[in-house]
Amino acid sequence: MKKRKAPSHSFAASIRNSIIGTLSRKKHIQHADVLETVSDGLKKIYKQKLLPLEEHYKFHDFHSPALDDPDFTAKPMILLVGQYSTGKTTFIRYLLEQDFPGIRIGPEPTTDRFIAVMYGDEEGVVPGNALVVDANKQFRALTRFGNAFLNRFQCSSLKNEVLSSVTIVDTPGILSGEKQRLDRGYDFSGVLEWFAERVDRIILLFDAHKLDISDEFKRCIEALSGNEDKIRIVLNKSDMVDHQQLMRVYGALMWSLGKVFKTPEVSRVYIGSFWDEPLHYDINRRLFQDEQHDLFSDLQSLPRNAALRKLNDLIKRARLAKVHAYIIAELRKGMPSMIGKEKKKKELIAKLDKIYEQLQREHNISPGDFPDVNKMREHLQNADFTKFNPIKPKLLEVVDSMLSTDIARLMAQIPKEEAIQEANGLAPKERETVKGGAFDRASEAETPFGFGKGEGFDKGRDESEWVVSRERFKFDEQFDSLNPVDGKVNGRTAKEHMLKSKLPNSVLGKIWKLADVDKDGFLDADEFALANYLINLKLEGHELPNDLPKHLIPPGKKDLESSEGVYPQLED
């Protein structure tokens, strides 16, 4: 009987390596969801699942060019749009707290080009033609707007901490009249539309002295349609008018915006004066400070929300690509095989709105998902309908799978990335936020001019005297009128007095918890004065703190340790 020949060493090694490789691949697949970043995942699913559908139905000829890798990995972008001399360039300088290469500021139309202000180790200017061939920048698709535009496009780079988190795009001042629109030599609205699809925030600036919306400005705002969630409106140079005029200007602006945006919702308008010159009318200083704080908080959140914005934009793009595929396939189906093609093409373009309605019913598509019918008609005029492809269900199924499965997986990945940052010791406010320049709150907070310093609940922080004692005589009279027992009033009596403020019970309950420092269920004269002081601050519009600031603790109770207390029932 012959002995079975033992396998050679090399053959056994190859089997072992194959098994190890298979196990390694399985392990990699199991951990792919954890290791893959959101931007990498978006890049992959776009190329593998959405791009084939776009190419098959010529999506890029009608809507937006194909996305490149930098579109998924680039820093958040802020686009500034407005009529000339509304302070767009000055606004950028205010944010950076320094000039950038190529800056020009003046009362006349000075910025005649699109300027992408980006971070760079060395200051310099890169012209548009060189910028669009840089594979590491997200501007390659702008080549389709031609040399007339590229000669009016540049990148200004400088080493500024603000730009390490965001890129800011300055635009030419929008003029009025047909002549200026034609003399630009390129599709100005088209360029704005391209940027609007890719930026994270669009800031529309208005001058308090110049609220008229020109024809070109109206066309530009219409080019931003579909991106209303990114738009923030700023009424700049508000210090140039007094409070009465400002109220009228604000109302006029809201009326004008309502006619342009054609939506029932009222847009959020930030009122301020974004430059470092003295205020002409100082009466609205507090308003400007609060408005700037709100706007800056919104801009500082852009890096944290960048992944979510890219997800949202890809979902919108996928929905539009699906609808576009249905439109193209329907037009192809309506074309004759032999003669009368040109006549049929004109008929199909003319009844495009009817085709939209038909597709809405057949595929249960929302009307809001369809592209503008007039813009679509313009693009179709020069298209060859015979080269359109019929519907290919497999491509649509892949995109549906992407929307239902891959996008959901990437959505779940965002909290994981935040958890990794938290594990690395970053506090929530420190994770990917805009810092430096006008956003540098740390140095400002060390001075008396920090936001909220010396106001509201911060008032009296740096004083040796207890700030509540300034109005103590009033509170003591009220306290004595309540007939205190052993120097204290009980919860029922205090409740009857506190309800006179007409504040909600939930707010009064919180004020009681803050004022009853020793947590005994009674208020002595100091605690009663404190409760009234807190009520007055709330009535002035200040938010209550979660914990009582140390400088508001009555002097005689500084050493008390917090303990569970007894609170009055404030139910109706």
Enquirer: Between Leu50, Leu53, Leu320, which is the residue that forms a side chain to side chain contact (heavy atoms under 4.5 Å, CB included) with Phe59?
Expert: Leu320

Enquirer: Under the side chain to side chain contact (heavy atoms under 4.5 Å, CB included) test against Ile78, which residue among Val434, Val169, Leu302 passes?
Expert: Leu302

Enquirer: Going by atom types alone, do Asp239 and Ser273 pair a side-chain donor with an acceptor below 3.5 Å?
Expert: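 Yes, because at least one side-chain N or O of Asp239 sits under 3.5 Å from a partner of the opposite role on Ser273.
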
Enquirer: With a cut-off of 6.0 Å (strictly less than), are more than 12 heavy atoms of other residues, nucleotides or ligands near NZ of Lys49?
Expert: yes

Enquirer: Measuring from atom CZ of Phe195 to atom CZ of Arg198, what distance do you get when rounded to the nearest 0.5 angstrom?
Expert: 9.5 Å

Enquirer: Do other residues, nucleotides or ligands put more than 12 heavy atoms under 6.0 Å from the CG atom of Asp384?
Expert: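 Result for CG/Asp384: enclosed.
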
Enquirer: Please round to the nearest 0.5 Å and tell me the distance separating atom CG of Leu96 and atom CD of Glu161.
Expert: 11.5 Å

Enquirer: With side-chain contact (heavy atoms from CB on, under 4.5 Å) as the criterion, how do Met335 and Leu348 come out once you've worked through the C-alpha distance, each side chain's angles and the decisive distance to 0.1 Å?
Expert: CA-CA 9 Å; Met335 288 296 288; Leu348 290 171; 3.9 Å; yes

Enquirer: Would you sort out whether Asp207 and Lys237 count as a salt bridge (charged side-chain N to carboxylate O under 4.0 Å, His left out), showing the intermediate values?
Expert: CA-CA 6 Å; Asp207 187 332; Lys237 304 184 182 180; 3.5 Å; yes

Enquirer: Considering the options Lys375, His324, Lys58, His379, which one meets the side chain to side chain donor-acceptor pair (under 3.5 Å) requirement together with His63?
Expert: His324

Enquirer: Looking only at side-chain N and O atoms, does Thr171 offer a donor or acceptor that is under 3.5 Å from a partner on Arg113?
Expert: no

Enquirer: Please check if any side-chain donor atom of Glu330 sits under 3.5 Å from a side-chain acceptor atom of Tyr356, or the reverse.
Expert: no

Enquirer: Are Tyr281 and His243 an aromatic pair by the rule of ring centers under 6.0 Å?
Expert: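 Distance test on ring centres: not under 6.0 Å, no.
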
Enquirer: Hey, which of Asp69, Asp40, Asp68, Asp71 is the one that makes salt bridge (charged side-chain N to carboxylate O under 4.0 Å, His left out) with Lys47?
Expert: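 Result: among Asp69, Asp40, Asp68, Asp71, Asp69 is the only option passing the salt bridge (charged side-chain N to carboxylate O under 4.0 Å, His left out) with Lys47.
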
Enquirer: Decide if atom NZ of Lys346 counts as having more than 12 heavy atoms of other residues, nucleotides or ligands within a radius under 6.0 Å.
Expert: no

Enquirer: Is it true that Phe145 and Tyr186 have ring centroids separated by less than 6.0 Å?
Expert: no

Enquirer: Would Lys230 and Asp313 pass as an ion pair if we require N to O under 4.0 Å?
Expert: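 A salt bridge links Lys230 with Asp313.
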
Enquirer: Check whether NZ of the Lys or CZ of the Arg Lys43 lies under 6.0 Å from the centre of the six-membered ring of Phe72 and within 45 degrees of that ring's axis.
Expert: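 So Lys43 doesn't make the cation-pi contact.
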
Enquirer: Nearest 0.5 Å please: distance from the CD atom of Gln413 over to the CG atom of Leu42.
Expert: 10.5 Å

Enquirer: Can you measure from CG (Leu410) to OG (Ser39) and round to the nearest 0.5 angstrom?
Expert: 9.5 Å

Enquirer: Check whether more than 12 heavy atoms from other residues, nucleotides or ligands sit under 6.0 Å from atom CD of Glu362, and answer yes or no.
Expert: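 Buried by this count: over 12 neighbours within 6.0 Å.
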
Enquirer: Is any side-chain N of the basic residue among Asp200 and Arg309 closer than 4.0 Å to the acidic one's carboxylate O?
Expert: yes

Enquirer: Is the distance between the ring centroids of Phe153 and Phe139 under 6.0 Å?
Expert: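 Phe139 vs Phe153: aromatic centres under 6.0 Å.
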
Enquirer: Decide if the gap between the ring center of Phe188 and the ring center of Phe149 is smaller than 6.0 angstrom.
Expert: no

Enquirer: Under the 3.5 angstrom rule, does the side chain of Thr86 hit a backbone N or O of Gly82 as a donor-acceptor pair?
Expert: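 Judged by distance alone, no pair lies under 3.5 Å.
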
Enquirer: Could you verify whether a donor N or O on one side chain and an acceptor N or O on the other, from Gln154 and Ser156, lie under 3.5 Å apart?
Expert: yes

Enquirer: CD/Gln300 to CG/Asn305 distance, rounded to the nearest 0.5 angstrom?
Expert: 12.0 Å

Enquirer: Cation-pi check for Phe91 against Arg93: NZ or CZ below 6.0 Å from the six-membered ring centre and within 45 degrees of the axis, yes or no?
Expert: no

Enquirer: Do Glu54 and His60 have side-chain atoms, one donor and one acceptor, less than 3.5 Å apart?
Expert: yes

Enquirer: Just checking, any donor-acceptor pair under 3.5 angstrom between side chains of Asn160 and Gln98?
Expert: yes

Enquirer: Could you state the interatomic distance from CZ (Phe388) to OH (Tyr57), rounded to the nearest 0.5 Å?
Expert: 12.0 Å

Enquirer: Sub-3.5 Å donor-acceptor pair from the side chain of Ser256 to the main-chain atoms of Ala252, do we have one?
Expert: yes

Enquirer: Quiz question: by atom type and distance under 3.5 Å, do the side chains of Gln358 and Tyr326 form a donor-acceptor pair?
Expert: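 No - no donor-acceptor pair under 3.5 Å links their side chains.
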
Enquirer: Pair Leu396, Ile391 - check side-chain contact (heavy atoms from CB on, under 4.5 Å), show working.
Expert: CA-CA 9 Å; Leu396 294 169; Ile391 205 70; 3.7 Å; yes

Enquirer: Does Arg219 come within less than 4.0 Å of Glu216, counting only side-chain N to carboxylate O?
Expert: no

Enquirer: Could you walk me through whether Glu228 and Ile202 pass the side-chain contact (heavy atoms from CB on, under 4.5 Å) test, one step at a time?
Expert: CA-CA 9 Å; Glu228 286 81 5; Ile202 303 167; over 6 Å; no

Enquirer: Just do the side-chain contact (heavy atoms from CB on, under 4.5 Å) check on Phe385 and Arg332 with the steps written out, would you?
Expert: CA-CA 6 Å; Phe385 285 21; Arg332 176 68 181 86; over 6 Å; no

